[in-house]
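Inspection log for the structure reproduced underneath, given as structure tokens.
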Amino acid sequence: MTVSEADWWRSAAIYQVYLRSFADGNGDGVGDLSGVRSRLGHLAHLGVDALWFTPWYPSPMDDGGYDVADYRDIEPVFGTLAEAGHLIAEAHERGIRVLIDVVPNHCSDTHRWFRDALAAGPGSPERQRFWFRPGRGPDGDEPPNNWPSRFGGSAWTRVTEADGRPGEWYLHLYGAHQPDFNWDSTDVRTEFEDVLRFWFDRGVDGVRIDVADGLVKDPALPDTAPGDETPYSDQEALHDIYRSWRKIADSYPGGKILVGEMWLPDMTRVARHLRSDELHSAFTFDFLVCPWTAGRFREIVTRTLRSHEEVGAPAAWVLSNHDVTRHVTRYGRSGETGFSFADRRHGTPVDRLLGTRRARAAALLTLALPGVVYLYQGEELGLWEIEDLPDELRQDPVFTRTAGADPGRDGCRVPLPWSGSAPPFGFGTGTPWLPQPASWADLSAEAQADDPDSMLTLYRTGLRLRPGLGAAALTWLDFAPDILAFRREPEFTFILNFGAVPLPLPAHEELLLASAPLADGRLPSDTAVWLRG
Ligand code: NOJ
């Protein structure tokens, strides 16, 4: 193996497959492994280096699979373990690596361990694997502390004991069907080490770690002030867990990789988990909440690169994922605050042409930055958020737990359009589990494939040219406050015009790629270019 092969994860383009919505191979309206196998050609042609599959394990799907019932099998709606093996092998034949999601913070309440814990009762070793506590108040009918669930409401639910009486409460930082594991338990630690080996032995090349900052809790379970996550986020003991995982990853020839999902307010805290004997990388989520200004983008890139350089880790750029409003829609909203994923602002007018124009420029930016880039399925097609899903079809627990105040994340999870002029757009033969809009006809992969001006062509070209950028660092170029520009040696210049006034391009040898046509040789508003020379 050459050095560059061993270091593939430092500069990879990684495509996120949200399995339920990628492609349906058996006609039941839900995406599955055979659907992915049939579409590997699309992914190879797109030019990605690896796939990240959101959870594919048996699950009641109370949270789209982030409620795992069995960590060593495949959800029957998605396929079988044998089929996962075929998919991994076929991806490898095409030179595409495979990452899977591991969900170590919580499981499904249908997981055997949680059922055992309910049956075994208070004080049992089975309950030690979770966070069971008596309630507060004279009758124990108040939650043990004031922690909020990230999906709304309290983070505690009370159980009914075997004798039929109201009993202890269990902790769930997410939905009530997702009990949190107690990582002080040796059983939990050894279980997940074994789960990692199970999948690494089956050829998986790495894992994306769900809620990677949240596993360890302050055992005193103290009340917190609103917004303070200290007792259950980024606790020091996490580092030991990931050091032991890294040893397992490194014990395989060529190594396996560990990618953390850590929404921490301070990037230097994330970087502390990326030291050479801990995680390989962690997502930079800051673009998801960044207003469309040159200054803010520059600040994020500078801060991210600096904090990562200190620990020798690559940055990992993200514009969209299955938890946030698709960026065509975010960028199509006017005003300073409309870019936040948390501030979903359903019903706020969206200028899709503007959003698409900016999304094209943003794609060229992330593809040109040093480090890893993550693509969320459908962004290569320029899909937008579906905001008018009928409420009765919404499945995200966020919608129900907030009594509809937050529409939830279904709007970015609508099944992909592959071909044809009407739904289901080649997604499969059945009715898709969420309805696709008729207006996606122009956005199907088939409709875009041969169009030189399509989003798909832009991504394909960008991904083809990108490896040429190598590992070179970035040097900022100062044109004007509304211009984001940098150079990467040798001979590569990136420029994005966030302002209204077209910018005369500097001298260059070749225009490699532009996100929109130039105007008399000048770079118009919301447009990016890649220049050689
Ligand atoms: C983060 C995942 O990306 C999200 O989809 C999920 O709901 C939560 N973690 C809980 O597992």
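Index from 1, following the sequence. Order of appearance sets the numbers: ligands from 1, and atoms from 1 within every ligand.
Between Phe287 and Trp317, the gap from one ring centroid to the other is short of 6.0 Å.
Using a 30° and 60° split on the angle between ring planes, His280 and Trp9 fall in the perpendicular class, above 60°.
Listed by chain and number, the residues in a ring pair (Phe, Tyr, Trp, His ring centres under 6.0 Å) with Tyr459 amount to none (sequence neighbours excluded).
A side-chain donor from one of Tyr18 and Arg20 sits under 3.5 Å from a side-chain acceptor of the other.
Listed as neighbours of ligand 1 are Asp63, Tyr66, His106, Phe151, Tyr174, Arg208, Asp210, Val211, Glu261, His322, Asp323, Arg409, Arg413, each bearing a heavy atom under 4.0 Å from the ligand.
Trp113 carries Arg129 over the face of its six-membered ring, with the cationic atom under 6.0 Å from the centre and within 45° of the normal.
Ion pairing between Asp277 and Arg246 fails under the 4.0 Å rule for side-chain N and carboxylate O.
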